[in-house]
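Taking it in order: structure first as structure tokens, then the write-up.
Numbers restart at 1 for each chain; the letters A, B, ... are given by sequence-line order, proteins then strands. Since this is a predicted model, take the numbers as computed values, not measurements.
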There are 2 protein chains.
Amino acid sequence: MTQQKTRREQIYEVAGTLFSERGYHATSMRDLASHLGMQGGSLYAHISGKEELLVELVNQAAAQFDESLMPLREENLSPEEKLREAMGRHIDVVAHNLETATVFFHEWKHLSPEAYKKVTDWRDTIDGLYRDIVREGIEKGVFKPDLDVKMTAYLVLSAVNWTYTWYRPGGKLGARQIADQFADMLMSGLRK
Amino acid sequence: MTQQKTRREQIYEVAGTLFSERGYHATSMRDLASHLGMQGGSLYAHISGKEELLVELVNQAAAQFDESLMPLREENLSPEEKLREAMGRHIDVVAHNLETATVFFHEWKHLSPEAYKKVTDWRDTIDGLYRDIVREGIEKGVFKPDLDVKMTAYLVLSAVNWTYTWYRPGGKLGARQIADQFADMLMSGLRK
DNA sequence: CCTACCGATCGGTAGG
DNA sequence: CCTACCGATCGGTAGG
């Protein structure tokens with residue numbers, strides 16, 4: 001019962017690989033086609049153009065983050081548990097979608113204005129999610145009262161986002177373990 | 001006594017702006033030339049080719065980091081002070097060289113193999129610097145004994161490197177203040 | 001999905 | 001530093 005991939009999906013997949021390795025502009029449609037065993041012009045029987053590929057990959061990544069993180073807003077967890085869980089899911093999405101995540105973080109500047117705006121809006125939403133968790137933690141007295149909400153959210157986001165630059169599958173630690181270690185250090189600090 | 005900039009330096013400067021905004025491959029030599037008020041072919045009277053620009057910008061950024069961070073190894077500071085100081089200098093370099101730092105973090109994959117290797121070696125050196133500080137802190141009993149040195153260094157590096165994505169000059173906080181806030185949170189944790 | 005082709009643009013050079 | 005040009009390659013299309 002192996003899922004049958006449409007040719008279109010195969011194209012997206014190879015585009016994800018190449019765009020993440022070389023970047024969007026350094027990948028030609030002929031490169032892409034040859035990796036799929038076809039001629040450059042044949043791609044256009046399946047897709048409308050190069051930008052469609054970038055838009056699709058970026059949307060795929062954003063959708064993975066959204067599906068994983070957004071439901072957290074409604075869940076009944078303590079702020080500390082919620083922050084830990086958000087970090088776990090966030091790194092999990094990066095780890096299991098390394099190529100699209102890399103394209104997402106690296107190539108979104110090359111999108112057309114409309115798609116570009118969607119990404120900046122999305123980023124604001126994720127910022128908001130983390131800031132809300134921090135704010136709630138302060139209000140409930142579990143986080144330090146003098147934390148700067150924005151800076152705290154940046155610190156957490158740095159940790160989870162930067163993983164795409166160094167995480168490689170097959171390492172000793174899985175995504176959740178990395179997130180737990182980061183969360184432990186962030187919660188209680190490095191100092192003895 | 002305003003420093004007189006050579007034409008060559010002006011070219012690097014504009015290349016830094018354009019490469020950081022649009023990316024290396026999305027910037028044409030004619031784009032670059034027109035921003036300098038000259039014709040595309042005229043650039044080659046001053047530089048040898050497009051890649052030289054990328055190599056130079058990446059080297060400039062690496063040199064700034066090195067000059068600022070490397071002397072720290074010899075300084076007689078407690079591990080905590082040393083970590084805080086490293087973060088301060090690191091973010092300071094990013095903040096005062098935003099364009100070259102962005103090119104450095106974003107475009108180094110497009111370097112030729114030799115220049116590429118220099119960057120990965122450099123990155124290992126910086127990793128080593130932060131890991132040594134963490135290790136020293138554990139050995140001297142000022143950091144928690146059960147810290148994972150590698151993960152701890154990744155966490156710190158995430159915070160200082162990721163700044164290039166969100167820091168913009170003119171904000172309320174200067175580089176040192178950002179670093180201090182990050183260091184405070186990392187040292188003593190978010191939990192009350 | 002291929003062949004053959006389009007106009008545009010690329011990095012770079014020659015000669016002045 | 002400009003004019004004029006080079007071969008190569010780009011994204012994309014027509015017709016089959």
Side-chain angles (χ1 to χ4, degrees), chain A residues 4-60 99 103 106-116, chain B residues 4-60 99 103 106-116:
Chain A
Q4 144 155 337
K5 273 178 199 148
T6 66
R7 200 68 170 137
R8 195 190 182 91
E9 285 167 338
Q10 290 175 32
I11 295 173
Y12 290 142
E13 201 174 316
V14 177
T17 304
L18 296 180
F19 289 0
S20 68
E21 281 174 359
R22 316 177 182 182
Y24 176 67
H25 279 107
T27 305
S28 75
M29 296 303 273
R30 285 164 179 80
D31 278 344
L32 179 56
S34 80
H35 276 81
L36 289 152
M38 53 166 100
Q39 298 300 316
S42 306
L43 287 168
Y44 295 85
H46 301 95
I47 56 155
S48 67
K50 194 181 184 186
E51 165 143 31
E52 185 200 315
L53 295 173
L54 182 56
V55 170
E56 172 67 22
L57 291 168
V58 167
N59 284 344
Q60 272 181 25
E99 292 177 351
V103 173
H106 246 83
E107 310 293 336
W108 63 276
K109 284 193 177 184
H110 301 120
L111 289 166
S112 64
E114 316 91 73
Y116 182 97
Chain B
Q4 143 155 336
K5 274 178 197 147
T6 66
R7 201 68 171 138
R8 195 190 181 89
E9 286 166 337
Q10 290 175 32
I11 294 173
Y12 291 142
E13 201 174 315
V14 176
T17 305
L18 295 180
F19 290 180
S20 68
E21 282 174 359
R22 315 176 182 182
Y24 177 66
H25 280 106
T27 305
S28 75
M29 296 302 273
R30 286 163 179 80
D31 277 344
L32 179 56
S34 81
H35 276 80
L36 288 151
M38 53 167 97
Q39 298 300 315
S42 306
L43 288 167
Y44 295 85
H46 302 95
I47 57 157
S48 67
K50 194 182 182 184
E51 164 142 33
E52 186 199 314
L53 294 174
L54 183 56
V55 170
E56 172 67 20
L57 290 169
V58 166
N59 284 345
Q60 273 182 23
E99 292 177 351
V103 173
H106 246 83
E107 310 295 336
W108 63 276
K109 285 193 176 184
H110 301 121
L111 290 167
S112 65
E114 318 90 76
Y116 182 97

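- For A:Ser28, counting side-chain heavy atoms from C-beta on, the closest listed nucleotide (C:dG11, D:dG11, D:dC1) is D:dG11.
- Side-chain atoms of A:Glu52 come within 3.5 Å of backbone atoms of A:Ser48 as a donor-acceptor pair (strictly under, hydrogens ignored).
- Atom pair A:Leu43:CG and D:dG12:C1' shows a separation of 11 Å (rounding to whole Å applied).
- Judged by the 6.0 Å and 45° rule, B:Lys50 forms a cation-pi pair with B:Tyr24.
- Using a 4.0 Å heavy-atom distance criterion, B:Gly41 is classed as a base contact.
- Between A:Leu32 atom CG and D:dC10 atom C1' the separation is 14 Å, expressed in whole Å.
- The distance from atom CG of B:Leu18 to atom P of C:dC10 is 13 Å, rounded to the nearest whole Å.
- The minimum heavy-atom distance between B:Asp31 and B:Ala26, with the atom names listed, is OD2-O, 4.0 Å.
- D:dT13 atom P lies 16 Å from atom NE2 of A:His46, rounded to whole Å.
- Nucleotide C:dC10 holds its P atom 9 Å from the NZ atom of B:Lys50, rounded to whole Å.
- Residue B:Arg30 places its side chain closer to C:dG11 than to any other of D:dC1, C:dG11, C:dC1.
- At the phosphate of D:dG12, OP1 or OP2 sits under 4.0 Å from a side-chain N or O atom of A:Tyr44.
- Following rounding to the nearest Å, B:Gln39 (CD) and D:dC5 (P) show an atom-to-atom distance of 15 Å.
- Between the CG atom of A:Leu54 and the P atom of D:dG11 there is a distance of 13 Å, rounded to whole Å.
- When both pairing distances are held under 3.5 Å, C:dC2 makes a Watson-Crick or G-U pair with D:dG15.
- Following rounding to the nearest Å, B:Ile47 (CD1) and C:dG11 (C1') show an atom-to-atom distance of 10 Å.
- The backbone N or O of B:Gly40 lies less than 3.5 Å from no partner atom in the side chain of B:Arg30, so there is not a single donor-acceptor pair.
- With D:dG11, D:dC1, C:dG11 as the choices, the nucleotide that has an atom nearest any side-chain atom of A:Met29 turns out to be D:dG11.
- The backbone N or O of B:Ser112 lies less than 3.5 Å from a partner atom in the side chain of B:Glu51, making a donor-acceptor pair.
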